[in-house]
Amino acid sequence: MRRSWFALVLLASACSRAAGDDPFTLMHNLRSTDEVELVIEPGEAREALAPSLARLERAGRWRVRVLEPAPDADAPAEGSAERARIVVGDPDTAEVRELFDAFCRTAERVDPSLEFDAGFLERVRGTPNLVLVATLADPDRPGLPATFALGATAHDAAVVLGDVTPCAEPSWRLFVDGEFSKSGLFWRPERGSPPAVVDVEPIRTTEAADQRVVQRERFDVRAVSTVPAARLDKSIERYEAALARLERTLLLEGESASVHPIVHAHALVEAHLALAHERALAVANPLEPVVHALIAPGLQDDGGAALASLVAREVLGPARAPWLASAVGIEASSTWWGQGLGRWLAHLARAGLVPTVAELVDPACTLTPLALEPARAGFVRFLATQRGRDELRALWRGERELVVDAELEERFAQWLSVVREANDAELDDWRTRRAVAARKRAYRHGFSIVAPPFEPRVQAVGFGSSPFVKSLSMTKSLRADAVAFVFPAYADPGLPAHAGAATRAGASTASDLELWVGAWRAKERGLALTLRPRLHASPTSSLAGWTTVVRPGGWDAFFDATEVASVHFGLLAELCGAELFCFSGEIANASVTKPTPSNVWERDALPSRLERWRRVIERTRAAFTGGLTFAAESLYEAEGIEFWGQLDFIGVDLWPETIQDGLGDEFSRERVVRSITGLFGACNELAAIEGRPVLVTEFGFSSTAGGWRVTSFPEGDYDGLIQQRLFEAWGEALGRMSLAQLPRGGAFLWRWSTDPLAGGEGDRGYTPLGKPAEHLIRPLFERP
């Protein structure tokens with residue numbers, strides 16, 4: 001049998017050529033990749049791998065170019081010294097063997113207990129269902145990442161890789177039967193040495209022992225006992241309805257009977273994330289008829305979308321038109337993240353976020369999936385009503401190509417306008433009620449919640465997890481009535497990156513699923529939610545826009561990335577039912593457009609910069625119907641911003657400073673109180689000028705001996721008593737002011753962790769948890 005293989009070569013658009021296998025350099029280089037060159041033998045192998053390549057494009061936002069193989073397959077491609085690599089193949093592929101040898105050496109150096117050696121290749125040869133996917137430093141080009149997928153056949157390796165996408169950090173993942181089995185890091189996180197290996201088999205074994213099986217005519221459900229029977233029955237009804245609609249839309253009568261999938265229903269988001277390879281409400285196995293679904297008390301399910309897509313794949317084969325692969329399932333479910341599909345389509349249409357048909361069917365379309373996937377489902381519904389089942393089946397199988405012309409574009413636009421008109425009155429009422437509720441809410445007593453730095457353990461204590469729920473309940477017991485989810489987001493390739501230590505120890509981010517689940521858990525507890533992404537150029541950079549951009553085209557790239565992130569997370573905030581959305585902040589170099597002594601040399605660029613901010617806000621406002629704000633890190637930034645009139649709140653971080661008052665170098669509570677009351681007074685003046693209420697987006701105090709001088713900078717050794725005295729000063733400052741003098745929007749305390757075990761004696765950070773100041777928070781939050 002002729003062996004098929006292919007190699008993916010990723011063009012690194014901004015590779016910093018640091019030596020060695022520094023994890024953050026590799027993470028940056030892999031994230032900054034934007035184009036894939038595929039080298040593959042022509043014939044059946046290329047045809048079989050087309051669906052997984054489409055998934056790779058869709059998930060990674062990479063544009064794929066298919067090239068004919070070079071005569072000498074082992075010869076390096078021209079210019080490859082500056083390229084990151086992805087190689088996929090079986091144990092006999094030379095490139096895979098080379099990277100696997102380097103992988104084994106890295107594994108031995110980082111963690112001698114890892115059992116990877118030459119014998120593992122023999123195991124792969126004899127195990128068709130085993131696939132290893134790993135990313136490490138390229139042995140021939142230090143500082144550049146190389147990813148490889150190894151399987152008994154290149155086809156199995158490619159299908160798994162295309163479904164899960166390459167690793168985004170130096171790490172490895174093992175899959176059995178397309179099911180995630182085990183993973184590990186190739187670097188030592190702060191809390192673990194050697195790095196922990198995540199083994200999901202114990203979780204799978206525990207769930208299997210706790211499962212009850214519900215048999216239906218078209219599928220079986222295996223659910224853990226913590227999923228209430230009534231909740232499970234409701235999901236099963238939705239699943240059956242989705243399959244019935246799929247048969248009316250795409251399949252012939254009785255075709256679905258040839259497939260009998262298994263749905264694993266998980267009650268906890270951390271268990272679902274551990275067992276599913278993708279962070280979505282439900283995930284279909286790429287090789288087997290198996291679905292992992294989050295069916296948890298108090299949460300919406302995916303309505304059977306993943307199950308319907310899987311059945312279509314098993315009956316008709318992989319979708320030859322990649323845009324159809326998940327769209328038919330979403331259409332069959334008629335839901336999108338708990339929203340009715342028609343209503344969400346109408347919202348997207350009003351926001352100008354439904355692209356043209358040509359863009360919808362383009363695998364390389366970079367529109368946020370929160371808009372693209374439901375828009376594609378809407379187009380499936382349009383085609384089903386306009387052209388019927390036979391047309392959709394022919395497109396799925398590749399027997400016919402969709403001809404996109406002016407007539408099709410016009411007819412789809414007309415169909416979409418009908419959907420919009422049917423929902424306009426409801427959406428108008430919703431937007432009005434949301435805006436009024438956000439502005440009229442009383443003073444917010446909030447916590448800013450963050451997840452721990454990136455490491456395997458984060459998956460167990462991230463947003464939406466069981467520990468997070470416990471941490472959330474603790475905020476409620478301290479009389480909080482609001483929470484802000486604060487998390488880093490990484491920009492698309494092309495944004496100038498400025499190296500800095502700000503995120504090197506905190507390069508974690510939260511998936512849409514985790515934030516969405518966390519939002520539901522907050523609402524269950526009566527906590528108003530603010531979503532607050534913080535845009536970084538990469539995991540190794542400071543906040544995007546935090547430093548002055550001087551590269552040609554740099555400001556355009558910054559605003560383009562800011563708009564993309566703001567629209568995406570604005571849509572997510574809308575799906576979450578968030579009360580407020582803080583779309584950006586703490587970047588005075590980018591946000592201050594009033595002339596000041598600090599920006600005198602770039603004043604000619606300030607008007608155009610203001611226009612870009614206005615466009616970002618306009619696009620974000622269309623995506624999100626609740627209260628909108630921006631977080632200025634200082635009064636200097638707040639007073640230099642000219643777009644407050646487009647927002648609902650003036651967001652300001654309040655960090656008192658006492659080093660310039662000329663009263664010596666000893667702690668004085670009175671000095672701190674005066675600093676705080678002075679900041680409140682300045683905020684009131686700004687509110688009067690701009691005609692907008694002030695929201696304190698951050699306040700807090702570190703547990704350090706010298707942190708009282710400039711409270712935004714921890715200084716010195718641990719000192720829990722100083723933190724306590726600072727909170728006492730905050731309370732006294734509030735007591736000296738009338739209600740009218742306080743910021744009407746409220747204040748968010750920085751910071752609280754998703755980990756309920758965070759803080760405690762010796763922790764120099766800002767959380768008061770487990771420290772002398774903890775007992776002061778409840779009295780503070782009971783006023784005003």
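Position 1 is the first residue of the sequence, and the numbers go up from there. No experiment lies behind these values; they were computed from the predicted model shown.
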Run the side chain to side chain contact (heavy atoms under 4.5 Å, CB included) check on W344 and L575 step by step: do they pass? CA-CA 9 Å; W344 188 248; L575 289 167; 3.6 Å; yes
Please report the C-alpha distance between E410 and E407 in whole Å, then the side-chain angles of each, then the deciding distance to 0.1 Å, and finally whether the side chain to side chain contact (heavy atoms under 4.5 Å, CB included) criterion is met. CA-CA 5 Å; E410 182 178 355; E407 181 183 358; 5.8 Å; no
Yes or no on side chain to side chain contact (heavy atoms under 4.5 Å, CB included) for R441 and L580, after CA distance, side-chain angles and deciding distance? CA-CA 11 Å; R441 176 180 283 274; L580 301 177; over 6 Å; no
List the steps and the verdict of salt bridge (charged side-chain N to carboxylate O under 4.0 Å, His left out) for R238 and D302. CA-CA 9 Å; R238 292 195 185 105; D302 82 324; over 6 Å; no
Show your reasoning for whether salt bridge (charged side-chain N to carboxylate O under 4.0 Å, His left out) applies to D390 and R400. CA-CA 10 Å; D390 291 343; R400 189 178 307 167; over 6 Å; no
Please test W516 against F463 for ring-ring contact (aromatic ring centres under 6.0 Å, His included), starting from the C-alpha separation and ending with a verdict. CA-CA 9 Å; W516 186 81; F463 290 99; over 10 Å; no
Take L606 and R609 through the side chain to side chain contact (heavy atoms under 4.5 Å, CB included) test and state the conclusion after the steps. CA-CA 5 Å; L606 298 182; R609 204 173 298 172; 4.0 Å; yes
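E409 CD: more than 12 foreign heavy atoms inside a 6.0 Å radius. Within 6.0 Å of CZ on R534 lie more than 12 heavy atoms contributed by other residues, nucleotides or ligands. The neighbour count for D604 CG, taken as heavy atoms of other residues, nucleotides or ligands under 6.0 Å away, does not exceed 12. Atom CD of E618 has 12 or fewer heavy atoms from other residues, nucleotides or ligands within 6.0 Å.
Put simply, the side chain of W336 never gets that close to the backbone of A371: no donor and acceptor are under 3.5 Å apart. Under a 3.5 Å cut-off, the side chain of N423 and the backbone N or O of H347 do not form any donor-acceptor pair. Checking side-chain atoms of H272 against main-chain N and O of A280 turns up a donor-acceptor pair under 3.5 Å. Judged by distance alone, the side chain of R692 and the main-chain N or O of L647 form a donor-acceptor pair under 3.5 Å. Here the side chain of R389 pairs a donor or acceptor atom with the backbone of E247 at under 3.5 angstrom. Judged by distance alone, with hydrogens and angles left aside, the side-chain atoms of S309 form a donor-acceptor pair with the main-chain N or O of G329 at under 3.5 Å. Between the R381 side chain and the E331 main chain, a donor and an acceptor come within less than 3.5 Å of each other. No donor-acceptor pair under 3.5 Å is formed between the side chain of E639 and the backbone N or O of L686. The main-chain N or O of I330 is found under 3.5 Å from a side-chain atom of S333 such that the two form a donor-acceptor pair. Between the side chain of N599 and the main chain of T596, a donor-acceptor pair closer than 3.5 Å is present.
Relative ring orientation between F643 and W613 is described as tilted, the plane-to-plane angle lying within the 30° to 60° band.
Side-chain contact between L408 and V403 is absent, with no heavy-atom pair separated by less than 4.5 Å. V354 has its side chain within reach of F412: a pair of non-hydrogen atoms, C-beta onward, lies under 4.5 Å apart. Within the 4.5 Å cutoff, no side-chain heavy atoms of T249 are placed close to those of V328. Contact annotation: the side chain of W323 never approaches that of L360 to less than 4.5 Å [non-hydrogen atoms, C-beta and beyond]. Side-chain atoms of W415 and T385, non-hydrogen and from C-beta on, do get closer than 4.5 Å to each other.
No side-chain N or O of Q646 forms a donor-acceptor pair with one of R621 less than 3.5 Å apart. Neither side chain, E574 nor W337, offers a donor N or O lying under 3.5 Å from an acceptor on the other. Defined by atom type and a distance below 3.5 Å, a donor-acceptor pair is present between the side-chain atoms of S591 and E637. Checked by atom type, the side-chain pair S326/R376 shows no donor-acceptor distance below 3.5 Å.
Among F583, F581, F487, F485, the one residue that satisfies the ring-ring contact (aromatic ring centres under 6.0 Å, His included) test with F569 is F487. Paired with T697 under the rule side chain to side chain donor-acceptor pair (under 3.5 Å), one option of D653, T530, T629 passes, and it is D653.
For R444, the side-chain hydrogen bond (donor to acceptor under 3.5 Å, both in side chains) criterion is met by E579, not counting sequence neighbours.
Among all heavy-atom pairs drawn from G577 and K523, the shortest one is CA-NZ, 4.1 Å. Taking each heavy atom of P743 and V694 in turn, the nearest pair found is CB-O, 3.4 Å.
Taking OG1 from T368 and CD from E373, the interatomic distance works out to 9.5 Å, rounded to the nearest 0.5 Å. In this structure, E563 CD and R612 CZ are separated by 6.5 Å, a value rounded to the nearest 0.5 Å.
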